[in-house]
Protein chains: 2
Amino acid sequence: MKYSFRCKCPITSALDIVGDKWSLVVIKQMLFEGRSTFKDFIDSPEAIATNILSTRLKMLENFGIIEKAKLPTNKKTNIYTLTEKGFSLTPVLIELTLWSKYHIQEFNPGLNLDKDLEKVEKNKEEAFELIIENYKKHKQSILKK
Amino acid sequence: MKYSFRCKCPITSALDIVGDKWSLVVIKQMLFEGRSTFKDFIDSPEAIATNILSTRLKMLENFGIIEKAKLPTNKKTNIYTLTEKGFSLTPVLIELTLWSKYHIQEFNPGLNLDKDLEKVEKNKEEAFELIIENYKKHKQSILKK
DNA sequence: TTTTATTACTTGCAAATTGAAAGTAAAAAA
DNA sequence: TTTTTTACTTTCAATTTGCAAGTAATAAAA
């Protein structure tokens with residue numbers, strides 16, 4: 001399959017993959033909100049359109065950012081989970097959170113900021129590892145059912 | 001002016017401001033490539049359309065992410081520079097760079113990766129500060145002409 | 001076992017965003 | 001004074017996002 005990039009810049013290339021309106025939101029919903037099924041995503045506060053979600057999940061799977069599985073006990077529901085490539089976006093998402101904390105409150109008052117954000121700020125790398133570790137456990141637990 | 005956000009999530013809110021196709025690219029061009037005029041942006045490898053660039057610069061200025069000035073010796077050219085709100089996106093951009101280094105090479109071989117990226121990885125916070133310091137000096141020098 | 005409800009999408013069309021190309025006007029440069 | 005350059009704007013086209021209805025497979029309920 002042919003991938004189309006604007007140039008050889010790493011930042012622009014990253015954005016050519018996850019820089020659309022919904023990709024990072026879906027990844028955030030998986031990583032921080034534990035969402036893993038089509039219905040989970042549809043029911044999120046952001047309310048993504050079903051045709052957009054479908055297209056986006058296919059694209060993220062195609063890039064190896066997420067993977068799709070089914071439980072032996074359930075032939076219907078797809079379980080979408082992040083791969084390493086996917087949860088390696090944790091630092092990007094955390095830095096966006098911190099940026100919003102300091103710079104977006106004035107435009108969107110009452111942001112839902114995690115109460116542990118100060119701990120995160122004090123030791124970002126440790127926080128990244130903890131979040132990823134938690135996600136891996138979560139992933140194991142939902143695929144074990 | 002009314003701002004429209006999808007919800008109260010800090011990540012989604014950040015993306016509601018800078019999550020379009022071009023905003024982070026323009027910010028990256030200012031921060032890392034020293035671009036500051038309309039012509040500079042137009043001449044970048046990414047080749048943004050003029051009507052989109054115009055709209056995007058207005059929006060970024062409106063959110064206080066960039067500011068516009070003119071030199072006393074030049075009534076024509078607008079000088080666009082990052083405010084603190086703007087260059088505080090440095091960590092987001094650096095994390096996108098690192099993500100690309102490890103996860104995007106296979107899709108876009110031959111990425112232009114900075115040779116100092118290993119130093120950056122070793123001490124991210126220090127690298128962020130250095131980049132911001134460098135940008136501030138650059139900003140002072142282009143506004144002093 | 002049958003019926004109903006739910007989930008996971010697809011489809012068709014509309015709205016919004018992005019973009020190409022031409023044009024305009026002010027200012028700088030020649 | 002003339003020409004070139006820059007900074008956009010405008011118009012229309014292409015692409016992306018989104019609404020709403022529909023479909024089919026499967027799970028759940030009766």
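The figures that follow rest on heavy atoms only: side chains count, while hydrogens, waters and symmetry mates do not. Below, chains carry the letters A, B, ... as their sequence lines are ordered, and counting in each starts from 1.
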Solution key, residues 11-20 of chain A side-chain donor-acceptor pairs under 3.5 Å, sequence neighbours excluded:
| from | atom 1 | to | atom 2 | distance (Å) |
| --- | --- | --- | --- | --- |
| A:Thr12 | OG1 | B:Glu46 | OE2 | 2.7 |
| A:Ser13 | OG | A:Cys7 | O | 3.4 |
| A:Ser13 | OG | A:Cys9 | O | 2.8 |
| A:Ser13 | OG | B:Asn108 | ND2 | 2.8 |
| A:Asp16 | OD1 | A:Arg6 | NE | 2.6 |
| A:Asp16 | OD1 | A:Arg6 | NH2 | 2.9 |
| A:Asp16 | OD2 | A:Arg6 | N | 2.8 |
| A:Asp20 | OD1 | A:Trp22 | N | 2.7 |
| A:Asp20 | OD1 | A:Ser23 | N | 2.9 |
| A:Asp20 | OD1 | A:Ser23 | OG | 3.3 |
| A:Asp20 | OD1 | A:Arg56 | NE | 2.8 |
| A:Asp20 | OD2 | A:Ser23 | OG | 2.5 |

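Taking 4.0 angstrom as the limit, A:Asn78 places a side-chain polar atom (N or O) nearer than this to OP1 or OP2 of C:dC9. For A:Lys21 and D:dT15, the shortest distance from a side-chain N or O to OP1 or OP2 is not below 4.0 Å. At least one side-chain nitrogen or oxygen of B:Lys39 sits closer than 4.0 Å to the OP1 or OP2 atom of D:dT6. Between B:Thr77 and D:dA7 there is a side-chain N or O to OP1 or OP2 distance below 4.0 Å. Neither OP1 nor OP2 of D:dA7 sits under 4.0 Å from any side-chain N or O of B:Tyr80.
Remark: side-chain polar atoms of B:Asp40 are paired, donor with acceptor, to backbone N or O of B:Thr37 under 3.5 angstrom.
For A:Asn51, the side-chain atoms get nearest to D:dA20 when compared with the rest of D:dA20, D:dT11, D:dA27. Relative to the side chain of A:Ser54, the nucleotides C:dC9, C:dA28, D:dA27 differ in distance, and C:dC9 lies closest. Side-chain proximity of A:Trp22 to D:dG18, C:dG19, D:dA21: nearest is D:dG18.
In this structure, B:Ile17 places its CD1 atom 15 Å from P of C:dT17, rounding to the nearest Å. One interatomic measurement links the two molecules: CG of B:Leu57 to P of D:dA7, which rounds to 11 Å at whole-angstrom precision. Per the geometry, NZ belonging to A:Lys58 stands 15 Å off P belonging to D:dT17, to the nearest Å. Spacing between atom CD1 of A:Ile79 and atom P of C:dT7 amounts to 13 Å, rounded to whole angstrom units.
Under the salt bridge (charged side-chain N to carboxylate O under 4.0 Å, His left out) criterion, the residue pairs touching residues 61-75 of chain A are A:Glu67-A:Lys139, with sequence neighbours excluded.
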